[in-house]
Amino acid sequence: MSPAPVIIAVDGRSGAGKTTLAVELAARLRAHHKVSLFHLEDIYPGWDGLAAGLERYVSTVLTPLSRGEAATWTSWDWENHYDGDARVTLPAEIVIVEGVGAAAEAARPLLDAIVWAESPDDVRRTRALDRDGATYEPYWDQWAAQEEEWLGRDDVPGHADLRVQNLADGSAPADLLRLLPYLPALAPALAPELSARRGLRIHAERLDALPDAPALFRSLYGRSANAVWLDSSNAGAVQGGAVQGGAVEDAAVEDGVGGEAAADPAARTAAERSRFSIMADDGGTFGQFVTHRAGVSLISTGSCTAKVPGPFFRWLDTVWGRRAVRTPAGYPCEFTLGWLGCLGYELKRETGGSDLSAPTPDAALIFAGRAVVLDHAEGTAWLLALEAPDAAEWLAQARTAVVAADTGGQPPADGPPAALAGGSTGVVPSTAPAFRSRDTGARYREKITAAQHQIAQGNTYEVCLTTTLEARVRASSLDPWTTYLALRDRNPAPFASYLRLGTLAVASTSPERFLKIASDGGMRAEPIKGTRRRAADPEEDSLLRMELAASLKDRAENIMIVDLLRNDLSHFAEPGSVTVSRLCEIESYATVHQMVSTIDARLLPGAPRAEAVAACFPAGSMTGAPKISTMAILDHLEAGPRGLYSGAIGYFSLNAAADLAVAIRTLVITTDGDGTAELSLGVGGAITSDSVPDEEYEEIRTKAYGVLSTLGAGFPED
């Protein structure tokens, strides 16, 4: 008796291409495994024998194979319409069973993975009759009726681990093999296929060009269903010396960050944050798209979608954290292709918080096997692509797009941002959205008092209390792309980003880094706590900045979060490596002054990087301290999910690096099937025992101003 095999069922209606899919999959798996293949069509007893055939299949084939024993079964003679000869199917490391009913209810307890193949009805009929000709045609309706009756009481598609839209273009087997190793039950057996992900080669090409970023993104990704732009939208101001809003002045930065040596550490920090922009989609050979909701990840590539149960950070550990590529010579950025997208606040269920559901995904990421990286310090563009049959074609296309968008070394011309991107010049909806708030002003002030009561009781030291502004508009009246361009023009930021992920769009102008993990293990968090508005009058603006710098309350808020993050980083840091390199520095952006600190650490060699991210999630600056008990208090006070707001946006690179921003100053747009769009904007602030409710309420109005004013909207009135 052999060891129990891994059994994969390929099921679907007649003509869905199951046989070809199974044969091709078996051929690819045989590169590393012994594979046995069984076709159910060989055992059905006649054209009305679906139910009886399934009984024979489970009892005489599947049951012995699942025990590692040879299966002896009776075939069916389709020409003479009676039982044929006895046959034997030997067990193997992997057994593939295919046919209508391969994953029927009685079979499922014996299976390790279920693949459901789908094709349009007309395609299925044509495909089946082309294969079996006149033999099948008289019985098509009879057999189809049995399939409908069976599926009416047995929801096999609903139990499938993978679903394949089988278009018979030859792509399905490769797509399927790319997703099968994600399934926990198959991962050990498919270790060779998993290890292949860590032997990838990357092509990097440098172009001495300074393309207009919006025009380039629109050219390359304007029609992509899933695309990400991590946009250092304040890069021009930083590299030019007068950082937008005055975070640093006359900043020249050395060591590849731009210009000559900088005496001001803030200049180096600002330039480091703003050096690179990354744009990519999920197209090409390696492209994938994953969404996670409440403990289930849906991963799509090409024609296939896999359903993987389990925590998100556990899944992330299987696809990221180990070096899969070498950084190309001379390439200066930490991003070497990989996963890009966003994590929602409700992932806190995996890091000590309670389990709440949000209308948006808990995570949404694309895998980019090719991307464009703009180096704002050097004035260059890098084209990156994993070696693949379609890499050369894409590189040529990207090269052409970069050259076409090149500004000749000059900053892009002034003008409406949408016009620069080749779109409409209108950036504000014809009718301004009417936002409603989860909390009235009076109610928010009451919650501040309730938070201070929790502080007085010793249950927390600081509570980052938030609320949500929402609006519903006609989808045709607000274009997410032009909205983002208007936001980046009004409020440039080092961690700005635009995400288009199916029906979800994210337009963010975040100034705050959540967590950076360098490929060499260096870690950095840069929390923001303390905010003042900008003023048009320079003297008043300077006074507001000085007021923030001198505020004991804001310093206390910031220092409490610094202590929290020192603890978060220490879970996976080398002992003694956690340091605070900047404490309570003031940085200024287009609409606000902010108080920022920097905490650095070094990851323990061999430590699981996904768990290091989880140990810090969600950002302490968006919860308060201590984190877990304060999140419970927030659940009670806020009485609703945050969604993507106060989660994270960024990348997980193939060289084991990551860089994530806190999702603040972030407009989330969800398009519904009925032609409407939901807009969501989260705002909040830290509450301490010294907080004055009126001042805290004014602070959230200040934080919302940049986004709301861009839309022509105002803060909801009580």
Item to complete: List for me each residue that meets salt bridge (Lys or Arg N to Asp or Glu O under 4.0 Å) alongside Arg223, sequence neighbours excluded, and say none if there are none.
Response: none
Practice prompt. Please list, chain by chain and in numerical order, all residues satisfying side-chain contact (heavy atoms from CB on, under 4.5 Å) with Thr285, sequence neighbours excluded.
Written response: Arg178, Ala388, Pro389, Asp390
Item to complete: For Glu118, enumerate each residue passing the side-chain contact (heavy atoms from CB on, under 4.5 Å) test, keeping only those at least two apart in sequence or located in another chain.
Response: Trp116, Arg163, Gln165
Worksheet item: Residues two or more places apart in sequence or in another chain: which of them pass side-chain contact (heavy atoms from CB on, under 4.5 Å) with Ala368?
Response: Ala280, Leu340
Practice prompt. Can you tell me which residue pairs pass the salt bridge (Lys or Arg N to Asp or Glu O under 4.0 Å) test with a partner in residues 20-34, sequence neighbours excluded?
Written response: none
Worksheet item: Sequence neighbours excluded, which residues qualify as salt bridge (Lys or Arg N to Asp or Glu O under 4.0 Å) partners of Asp282?
Response: none
Worksheet, complete the sentence: Between Pro157 and Leu151 the two heavy atoms that sit nearest each other are CD-CD2, 4.2 Å
Worksheet entry | Side chain Trp315, main chain Val296, donor-acceptor under 3.5 Å | no
Worksheet item: Listed by chain and number, what are the side-chain contact (heavy atoms from CB on, under 4.5 Å) partners of Thr63, not counting sequence neighbours?
Response: Val58, Arg67, Leu110
Worksheet item: Taking only residues two or more places apart in sequence or in another chain, which ones pass ring-ring contact (aromatic ring centres under 6.0 Å, His included) with Trp150?
Response: none
Worksheet item: What's the shortest heavy-atom distance between Ala22 and Leu37, and which atoms?
Response: CB-CD1, 3.9 Å
Discussion item. For Thr72, is there any backbone N or O sitting under 3.5 Å from a side-chain donor or acceptor partner on Arg87?
Written reply: no
Practice prompt. Under the side-chain hydrogen bond (donor to acceptor under 3.5 Å, both in side chains) rule, collect the residues that match up with His33, sequence neighbours excluded.
Written response: Glu93, Glu193
Worksheet item: Restricting to pairs with a member in residues 346-368, which pass salt bridge (Lys or Arg N to Asp or Glu O under 4.0 Å), not counting sequence neighbours?
Response: Lys348-Asp635, Arg349-Asp355, Arg349-Asp362
Discussion item. Just to verify, which of Leu356, Thr623, Thr360 counts as forming a side chain to side chain contact (heavy atoms under 4.5 Å, CB included) with Tyr345?
Written reply: Thr623
Discussion item. Can you give me the closest heavy-atom contact between Ile43 and Thr74, atom names plus distance?
Written reply: CG1-O, 3.7 Å
Discussion item. Going by the rule salt bridge (Lys or Arg N to Asp or Glu O under 4.0 Å), which residues pair with Glu149 if we only count those two or more places apart in sequence or in a different chain?
Written reply: Arg153
Worksheet item: Hey, are Arg500 and Asp281 close enough for a salt bridge, meaning a charged N less than 4.0 Å from a carboxylate O?
Response: no
Discussion item. Ring centroids only, cut at 6.0 angstrom: are Tyr651 and Trp320 within range, meaning strictly under it?
Written reply: no
Item to complete: Verify whether the ring centers belonging to Tyr57 and Trp73 lie closer than 6.0 Å.
Response: no
Worksheet entry | Test item: Pro618 and Leu347 side chains (from C-beta on) under 4.5 Å apart, heavy atoms | no
Practice prompt. For Tyr221, enumerate each residue passing the ring-ring contact (aromatic ring centres under 6.0 Å, His included) test, keeping only those at least two apart in sequence or located in another chain.
Written response: Phe217
Fill in: Short N-O contact, Arg513 and Asp659, less than 4.0 angstrom
yes
Practice prompt. Would you mind reporting whether Val290 and Trp339 have side-chain heavy atoms less than 4.5 Å apart?
Written response: yes
Worksheet item: With no hydrogens and no angle check, is any side-chain donor or acceptor of Asp112 less than 3.5 Å from a backbone partner on Ala185?
Response: no
